[in-house]
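Heads up: numbering here begins at 1 and tracks the sequence. Quick note: numbers below take in every heavy atom, side chains included, and nothing from hydrogens, waters or symmetry partners. Here the structure is a predicted model, which means the values were calculated and not measured.
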Amino acid sequence: MAFEDTPFERRSIIGGMRVRAADGTKLGYVAFIGQGHLYVRGSPFSRRWKEAPLDDVARVLQGAVVLREGATLVLADRLHHGELLSMTHPLAFVPGASHA
């Protein structure tokens, strides 16, 4: 199932999950989830974070986040990324549902 097939799949991303490239290569672990970015660290205790837009997430498997083909992680600048980091997941939008 593709990531965009279910808006609730994003809510199943939790800190510590493995992050993999489309070919299965391990890229690191989920550090935090921002409003628009997924923050990844190379090891569970690394202080250097990288980031990828949440749009680059292809699918979420049990215990792993898989990025789209060609997605790359860039070094996250803690001073300029402009997002409030939180373990609270972004709200899901359900197409066709009434949002009153």
Side-chain angles (χ1 to χ4, degrees):
M1 178 175 288
F3 181 70
E4 59 272 352
D5 288 348
T6 170
F8 295 104
E9 193 166 354
R10 180 182 294 184
R11 294 185 61 89
S12 62
I13 300 174
I14 58 173
M17 291 177 79
R18 287 183 178 89
V19 178
R20 297 193 176 275
D23 64 1
T25 305
K26 189 176 100 176
L27 301 173
Y29 299 87
V30 173
F32 287 99
I33 303 154
Q35 290 294 322
H37 289 86
L38 180 68
Y39 293 89
V40 179
R41 42 179 143 198
S43 71
F45 304 106
S46 174
R47 292 185 182 190
R48 289 201 154 175
W49 292 2
K50 293 186 177 182
E51 67 182 17
L54 284 172
D55 291 339
D56 283 351
V57 174
R59 61 186 180 274
V60 179
L61 306 174
Q62 184 175 351
V65 176
V66 181
L67 299 181
R68 294 185 192 281
E69 185 79 30
T72 58
L73 295 174
V74 296
L75 193 59
D77 185 350
R78 291 186 298 178
L79 299 175
H80 298 101
H81 58 67
E83 296 194 53
L84 295 175
L85 299 179
S86 169
M87 291 306 291
T88 304
H89 306 292
L91 295 175
F93 172 74
V94 181
S98 174
H99 298 285

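Distance check: His37 NE2 to Leu54 CG gives 8.0 Å after rounding to the nearest 0.5 Å. Here the CG atom belonging to Leu38 is positioned 9.5 Å from the CE atom belonging to Met17, to the nearest 0.5 angstrom. Between Leu73 atom CG and Asp56 atom CG the span is 8.5 Å, to the nearest 0.5 Å.
A distance-only check finds no donor-acceptor pair linking the side chain of Arg68 to the backbone of Arg59 [under 3.5 Å].
One hydrophobic cluster holds both Val65 and Leu27 under the rule that ILVMFWY side chains link at heavy-atom gaps under 4.5 Å.
For the pair Thr72 and Ala52, the tightest heavy-atom approach, listed with the atom from each and the gap, is O-CB, 4.2 Å. Pairing each heavy atom of Ser12 with each of Val60, the nearest pair is OG-CG1, 3.6 Å. Minimum interatomic distance between Ala31 and Trp49 (heavy atoms only, all atoms of both residues): CB-CE2, 3.9 Å.
Counting only heavy atoms from C-beta outward, the side chains of Glu51 and Leu75 never approach each other to under 4.5 Å. Put simply, the side chain of Ile14 does not reach to within 4.5 Å of the side chain of Val30, judged on heavy atoms. At a threshold of 4.5 Å between non-hydrogen side-chain atoms, the residues Leu67 and Val57 count as touching.
Heavy-atom contacts from other residues, nucleotides or ligands closer than 6.0 Å to CZ of Arg18 number 12 or fewer.
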